[in-house]
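Scroll down for the structure; my scribbles are underneath it.
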Amino acid sequence: MNKTTENSGEATKSKNFLEMIIDNDIQKGKNEGRVHTRFPPEPNGYLHIGHAKSICLNFGLAEKYNGKCNLRFDDTNPSKEEEEYVNSIMEDVKWLGFDWEDRLFYASDYFDQLYEWAVKLIKDGKAYVDDQSADLISEQRGVPTRPGIDSPFRNRSVEENLGLFERMKAGEFPNGTHVLRAKIDMASPNMHMRDPVLYRIMHSKHHRTGDKWCIYPMYDFAHGQSDYLEGITHSICTLEFEIHRPLYDWFLDQLIDTDYRPRQHEFARLNLSYTVMSKRKLLELVTEKYVSGWDDPRMPTISGLRRRGYTPEAIRNFADRVGVAKRENVIDVGLLEFSVREHLNKVAPRIFAVLDPLKVIITNYPEGKTEDLILENNPEDPEGGNRVVPFSREILIERDDFMEDPPNKFFRLGPGREVRLKGAYIIKCEDYKKDENGNVTELYCTYDPETKSGSGEMRKVKGTLHWVSEAESVDAEIRIYDRLFMNESPDDLEEGGDFKSNLNPESLKIVKGKIEPSVKNAKPMDKFQFQRLGYYCVDLDSSATKLIFNRTVTLKDTWAKMNK
RNA sequence: UGACCCAUGGUGUAAUGGUAACACAUCUGAUUUUGGUUCAGACGUUUAAGGUUCGAGUCCUUAUGGGUCAACCA
């Protein structure tokens, strides 16, 4: 429920659990009442709608509390990370409308400091070099219900550890032969506290530090300390890191001695129906060519949604509406679609496009005559202006706007029935022609010259159709996108099943449509409402010689619903 | 034979211990030169059992259900 503020009486949104924590921290004067967050992606894939939730949360919180939010690439694993991803991530965050100002950081900026801290831990007897294989270490770690056992190398001398760690750094050992481990507690019920690995040997070129290092810190040894170095106060991450928090705190306890402390808080990640969200699965769709790329309009990536015609406003409103909590959730993709319709309804100019044309000849309209009709660009936008649409004797309408034997509830064209051509005249279907296969090929209608749009009070008809004048219309390729998966939860699988078996074979249909001429000079990413059909945007591949539109989302269609 | 987290309509998210609400979805109706939009309304909710209290979605206990953790990934 929305509360009212005591003094202003202004409606204010109720707070989520993170805001309550922050309020409390500020009240207690924690970290001088500062609020500083960060968005910490690993540059190993493209950002998706789930990241958008996190971005909106972190930057939004900073904004709300007059704080700051950093962009920090968590680049501690050079074998998976690439420059391409860094660039796409920066582009996506900017496009969403957020600004990290001069606070662009990389965990790799802190490799020197992290190394020193590792040395300190060794000197303090809190870390040791283990010469065992990954398999052996894993075996000794035990299982959650049974304690692990100590490594035989756990009690090496400080000098020996220092020497070995130095040699690891110097590149004397091949990958996998040694790791640096924290000395914590092999019997801890929390597996992450059973002497976690701090550094591993990885002879890989790093996208920023090049060949300077051949040992790289693990996530746990880098994240909290990076937060600390940046002055982060609230380090917000997803639920699966909850169990890492004791380790996050443990490192800080060993290494620093100030009143200032970052604190990790966890929230539930976003899940969306009819799609998958794991980077691994998205990567699989890309590399195995089930989609055209990370920015395929069917992908839940930010770049995919952008190409599909989503707007930053729509995504931010969506992120707002889904809320933040600690409970596992699956958001109905319908909410995302609602958000984009809501925004596009206000800003997208309306045009006529016929996707499956049926020719109509208006028999009593003069041959060779063309009228320029004036139509409103957007009834929702008083400043939207008008456009000119040509009308003539031979026009095209949508094939499903005619039925030979229509039911009563069908408000469109049928033998003897009348409809209004939007912005033009009322026409009546007098006759129609079929080919040898029984397909309707042409409609013969008459128009009533007294019913021209805008000429005052007149009789009403039940249906209104969109149309284009055949001679002036322009060709366009229309890419009709639908949900990528048929199944609400593509991840719900039988044992051994593959999520790709739930792919929707009809997620993309390409048709040749006819569009009113005002659209000739449309530029990539321009957005329109194809009246009565849906929202469409000009694709990146579109050109002056070949127009291509992507369907962003359909309009709500109560007629289609009635027929289900 | 473990630790930690979570549990409110179909889906999400709210509710100083004091009338369980908001959005989406669904269904009615009105308006409409988009079967769009807008407007009005309806439907439907506290996992269970105990306890504390004048009063419990909220606090306590237990149970049940769900999730996370056993990469030299993040």
Side-chain angles (χ1 to χ4, degrees), chain A residues 1-3 13-16 40-42 44 74-77 79-81 130 133-134 137-139 141-148 175-181 188-194 196-202 215-216 218-220 222-223 237 239-246 266 268 273 279-280 320-332 334-339 341-342 345-346 350 352 375-376 379-380 409-412 419-424 426 451 453-454 458 460-466 529-534 554-562:
Chain A
M1 196 201 326
N2 284 3
K3 284 180 282 189
K13 247 191 129 203
S14 59
K15 291 180 184 335
N16 64 49
E42 181 187 12
N44 69 343
D74 218 333
D75 56 352
T76 56
N77 184 355
S79 67
K80 289 188 180 169
E81 295 151 7
D130 197 329
S133 70
I137 290 175
S138 155
E139 206 174 291
R141 191 151 18 226
V143 292
T145 51
R146 283 267 167 255
N175 290 353
T177 51
H178 302 263
V179 287
L180 182 72
R181 291 227 262 167
S188 170
N190 182 342
M191 296 293 290
H192 295 274
M193 300 300 274
R194 323 249 260 225
V197 172
L198 269 38
Y199 268 91
R200 76 283 215 187
I201 299 171
M202 206 182 265
I215 55 172
Y216 292 93
M218 299 289 292
Y219 164 85
D220 286 303
H223 206 94
C237 62
L239 250 30
E240 66 269 26
F241 291 99
E242 195 147 33
I243 199 142
H244 293 241
R245 188 170 1 112
E266 309 85 13
S273 61
K279 275 200 217 172
R280 202 207 86 224
D320 224 41
R321 271 191 266 257
V322 300
V324 188
K326 296 191 74 162
R327 171 159 46 145
E328 300 284 341
N329 61 83
V330 182
I331 306 292
D332 185 342
L335 186 62
L336 218 211
E337 295 173 345
F338 167 81
S339 298
R341 278 193 198 104
E342 177 189 49
N345 177 48
K346 289 185 205 123
R350 268 110 246 235
F352 291 159
L375 275 92
E376 224 181 352
E380 305 298 317
K409 289 277 187 73
F410 188 78
F411 303 149
R412 307 176 189 181
V419 294
R420 169 166 292 283
L421 293 176
K422 187 165 174 70
I426 291 174
T451 59
S453 279
M458 67 187 77
K460 303 262 186 198
V461 286
K462 197 77 179 159
T464 301
L465 307 187
H466 63 280
Q529 184 195 94
F530 286 2
Q531 212 141 64
R532 299 209 304 135
L533 298 175
T554 61
L555 251 27
K556 258 175 70 178
D557 188 345
T558 48
W559 168 246
K561 199 179 289 177
M562 282 164 61

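We name chains A, B, ... by the order of the sequence lines, and we start the count at 1 in each one.
Across the P atoms, B:A71 and B:A48 are found 38 Å apart, a figure rounded to whole Å. Nucleotides B:A63 and B:A74 are separated by 36 Å at their C1' atoms, to the nearest Å. The separation of B:A70 from B:U58, taken at their C1' atoms, amounts to 36 Å, rounded to a whole angstrom. The gap from the P atom of B:U11 to that of B:U46 amounts to 13 Å, rounded to the nearest Å. Nucleotides B:G41 and B:A49, compared at atom P, are 35 Å apart to the nearest Å. If you take atom P in B:C24 and the same atom in B:A40, they sit 12 Å apart, rounded to whole Å. Rounded to whole Å, the separation between the C1' atoms of B:U47 and B:G9 comes to 14 Å. Nucleotides B:U19 and B:A56 place their P atoms 12 Å apart, quoted to the nearest Å.
Under the Watson-Crick or G-U wobble criterion, with both distances below 3.5 Å, B:C43 has no partner in any strand shown. Searching all strands for a Watson-Crick or G-U wobble partner of B:A3 with both distances below 3.5 Å returns B:U68. Base pairing of B:C54: its partner is B:G18, meeting the Watson-Crick or G-U wobble criterion (both donor-acceptor distances under 3.5 Å).
The side chain of A:Lys561 contributes an N or O atom lying less than 4.0 Å from OP1 or OP2 of B:U26. Taking side-chain N and O atoms only, A:Arg245 has no distance below 4.0 Å to OP1 or OP2 of B:C5. Under 4.0 angstrom from either OP1 or OP2 of B:C72 there lies at least one side-chain N or O belonging to A:Arg141. Contact between the side-chain N/O atoms of A:Ser138 and the OP1/OP2 oxygens of B:A71 is found at a separation under 4.0 Å.
A:Ser188 and A:Asn190 are not linked by any side-chain donor-acceptor pair at a separation below 3.5 angstrom, with hydrogens and angles left out of the test. Side-chain contact, A:Ser453 with A:Arg420: a donor N or O sits under 3.5 Å from an acceptor N or O. When only modelled atom types and interatomic distance are considered, A:Asp74 and A:His223 share a side-chain donor-acceptor pair under 3.5 Å.
Note on A:Val143: a base of the nucleic acid sits closer than 4.0 angstrom, heavy atoms only. Within 4.0 Å (heavy atoms only), A:Tyr216 reaches no atom of the nucleic acid at all. Residue contacts for A:Asn16: at a heavy-atom cut-off of 4.0 Å it reaches the sugar-phosphate backbone alone, with no base atom in range. At the heavy-atom level, A:Val179 lies under 4.0 Å from base atoms of the strands shown. Looking at heavy-atom distances under 4.0 Å, A:Ala325 makes contact with sugar-phosphate atoms alone, never a base. Using a 4.0 Å heavy-atom criterion, one finds that A:Thr76 contacts the sugar-phosphate atoms exclusively.
Residues A:Glu337 and A:Lys556 are not paired through a salt bridge, judged by the lack of any N-O separation under 4.0 Å between the basic side chain and the carboxylate. Here A:Lys80 does not pair with A:Glu42 in a salt bridge; the nearest charged N to carboxylate O distance is not below 4.0 Å.
Atom-to-atom, CE of A:Met193 to P of B:A70 comes out at 15 Å; the value is rounded to the nearest Å. Remark: P of B:A74 and CG of A:Asp74 are 8 Å apart, rounded to the nearest angstrom. Atom CD in A:Glu242 sits about 11 Å away from atom P in B:C4, given to the nearest Å. Between the C1' atom of B:G12 and the CG atom of A:Asp332 lies a distance of 9 Å, rounded to the nearest Å. For A:Leu335 and B:U26, the CG to C1' distance is 15 Å, given to the nearest whole Å. Note: CG (A:Asn329) to P (B:U13) measures 5 Å, nearest angstrom. Between A:Arg194 atom CZ and B:C72 atom P the separation is 13 Å, expressed in whole Å. Between the C1' atom of B:A70 and the CE atom of A:Met191 lies a distance of 3 Å, rounded to the nearest Å.
Distance from the side chain of A:Ile243 is smallest for B:U68 among the nucleotides B:U1, B:C72, B:U68. Checking B:A14, B:A74, B:C73 against the side-chain heavy atoms of A:Phe241 singles out B:A74 as nearest.
The aromatic rings of A:His466 and A:Phe352 sit tilted relative to each other, their planes meeting at an angle between 30° and 60°.
We find the NZ-CZ distance between A:Lys462 and A:Phe410 to be 14.0 Å, quoted to the nearest 0.5 Å. From A:Leu555, atom CG reaches atom CD of A:Gln531 across 8.5 Å, with rounding to the nearest 0.5 Å.
A residue-by-residue look at A:Val324 and A:Lys80 shows that A:Val324 has its nearest nucleotide of RNA chain B further toward the 5' end.
B:A71 has its base syn relative to the sugar, with a glycosidic angle deviating from 0 by at most 90°.
When all heavy atoms are compared, the tightest approach of A:Leu239 to A:Glu328 is CD2-OE2, 4.0 Å.
For A:Trp559 and A:Phe411, the gap between ring centers reaches or exceeds 6.0 Å.
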Which nucleotides of nucleotides 30-46 of chain B have their base under 4.0 Å from a protein heavy atom (B), which only their sugar-phosphate (S), and which neither (-), written as one string 5' to 3'?
---BBBBS---------
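Under 3.5 Å, the side chain of A:His244 and the base of B:A74 form at least one donor-acceptor pair of N or O atoms.
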